[in-house]
Amino acid sequence: MRRDSISLVGFMCSGKSAIGRRLATTLGLDFVETDSLVESAAGMPIREIFERFGEEHFRDMEHTAVEEATRRNDCVIACGGGVVTRDENVQLLRERTTVVWLDVAVAEVVRRLAGQPGTRPLLSGPDPQSAAAELLALRKPLYEHAADIRIPTSDRPPDEIVERVVIALEDHDGRTDR
Ligand code: S3P
């Protein structure tokens with residue numbers, strides 16, 4: 001299997017979509033989001049999938065999206081924040097792509113979330129800050145395990161993050177001679 005695609009993993013609001021789009025343009029690759037594939041397949045927004053069918057159903061659909069996205073070559077894949085919670089997703093991402101973890105601090109997540117209310121069912125309770133902190137603590141080891149490359153993102157402008165990703169990819173490709 002060629003490894004000419006790049007997947008972005010990381011917590012909600014870590015900038016996977018915004019950075020992914022820019023990265024794809026910079027590298028001349030296609031761009032795809034697992035969340036968008038799920039929404040297209042379901043014909044409804046993620047919030048509604050959670051409400052009507054529950055998280056497990058969403059995770060099943062998300063796995064199908066990961067399977068589909070990672071079959072494509074030459075693209076940047078922005079993954080939903082929870083893809084790493086299923087081993088079979090991580091396996092596919094690691095086999096078929098170079099995995100980049102956009103690492104974000106909780107404070108930044110909470111700041112960004114305030115501008116997008118109601119979009120993240122897992123953080124829509126009365127105390128999003130504690131929910132984010134708890135979930136991020138659980139997820140960190142999973143991102144760490146999945147990733148070939150870790151990029152700290154907080155307090156950095158998007159263009160600088162993209163530049164760092166490009167440099168890290170070149171370095172990684174040089175070392176793994178892919
Ligand atoms: C989720 C992250 C969301 C979306 C869903 C669940 C998660 O995607 O897939 O709400 O479990 O972390 P983003 O990471 O793009 O927000």
Salt bridge or not between [X] and [Y]? Use side-chain N to carboxylate O under 4.0 Å.
| X | Y | answer |
| --- | --- | --- |
| E144 | K140 | no |
| E160 | R22 | no |
| R96 | E67 | yes |
| R59 | E62 | yes |

E51, CD: over 12 other non-hydrogen atoms inside 6.0 angstrom |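 Counting other residues, nucleotides and ligands, CD of E51 exceeds 12 neighbours.
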Got a sec: does the CG of D87 have more than 12 other heavy atoms crowding it under 6.0 Å?
-> no
Donor-acceptor under 3.5 Å ([X] side chain, [Y] main chain):
| X | Y | value |
| --- | --- | --- |
| K16 | V9 | no |
| R150 | W101 | no |
| T34 | V66 | no |
| R52 | R47 | no |
| T153 | D103 | yes |
| E39 | I46 | yes |
| N73 | D4 | no |
| S36 | V32 | no |
| S154 | A105 | yes |

Could you check whether any side-chain heavy atom of [X] comes within less than 4.5 Å of a side-chain heavy atom of [Y], counting everything from C-beta outward?
| X | Y | value |
| --- | --- | --- |
| D60 | R86 | yes |
| V100 | H172 | no |
| N89 | V84 | no |

Is [Y] reachable from [X] through a run of I, L, V, M, F, W or Y residues, each pair having side-chain heavy atoms under 4.5 Å apart?
| X | Y | value |
| --- | --- | --- |
| I151 | L29 | yes |
| I167 | L8 | no |
| L122 | M61 | yes |
| V165 | I77 | no |
| L123 | L136 | yes |

Go through the structure and list residues passing side chain to side chain donor-acceptor pair (under 3.5 Å) with E88, not counting sequence neighbours.
-> none
Side chain to side chain donor-acceptor pair (under 3.5 Å) partners for E68, two or more places apart | R72
Evaluation steps, side-chain contact (heavy atoms from CB on, under 4.5 Å), between T70 and E95 | CA-CA 9 Å; T70 55; E95 273 170 28; over 6 Å; no
Shortest non-hydrogen contact from [X] toward [Y]:
| X | Y | result |
| --- | --- | --- |
| D127 | S130 | OD2-OG, 2.5 Å |
| A69 | C75 | O-SG, 4.2 Å |
| V99 | L93 | CG2-O, 3.7 Å |
| V104 | S14 | CG1-CB, 3.6 Å |
| D35 | G80 | OD1-CA, 3.7 Å |
| S124 | P121 | OG-O, 2.9 Å |

Would L92 and H63 count as a side-chain contact (heavy atoms from CB on, under 4.5 Å) if you check the C-alpha gap in whole Å, the side-chain angles of each, and the deciding distance to 0.1 Å?
-> CA-CA 10 Å; L92 285 174; H63 174 64; 3.8 Å; yes
Atom [atom1] in [X], atom [atom2] in [Y]: separation rounded to 0.5 Å?
| X | Y | atom1 | atom2 | result |
| --- | --- | --- | --- | --- |
| I6 | L27 | CD1 | CG | 5.0 Å |
| T119 | L113 | OG1 | CG | 6.0 Å |
| R112 | R120 | CZ | CZ | 10.0 Å |

What's the verdict on salt bridge (Lys or Arg N to Asp or Glu O under 4.0 Å) for R139 and E134, showing C-alpha distance, side-chain angles and the deciding distance?
-> CA-CA 9 Å; R139 296 253 181 99; E134 230 168 81; over 6 Å; no
Does the side chain of S7 come under 3.5 Å of the side chain of T97 through a donor N or O and an acceptor N or O?
-> yes
Derivation and outcome, side-chain contact (heavy atoms from CB on, under 4.5 Å), residues R21 and V76 | CA-CA 8 Å; R21 274 203 183 82; V76 173; over 6 Å; no
Take F58 and E56, measure what side-chain contact (heavy atoms from CB on, under 4.5 Å) needs, and give me the verdict at the end.
-> CA-CA 5 Å; F58 169 76; E56 275 314 294; over 6 Å; no
Fit a plane to each ring of Y143 and F11, take the angle between them on a 0 to 90° scale, and name the class: parallel (under 30°), tilted (30 to 60°) or perpendicular (over 60°).
->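 Plane angle over 60°, so perpendicular.
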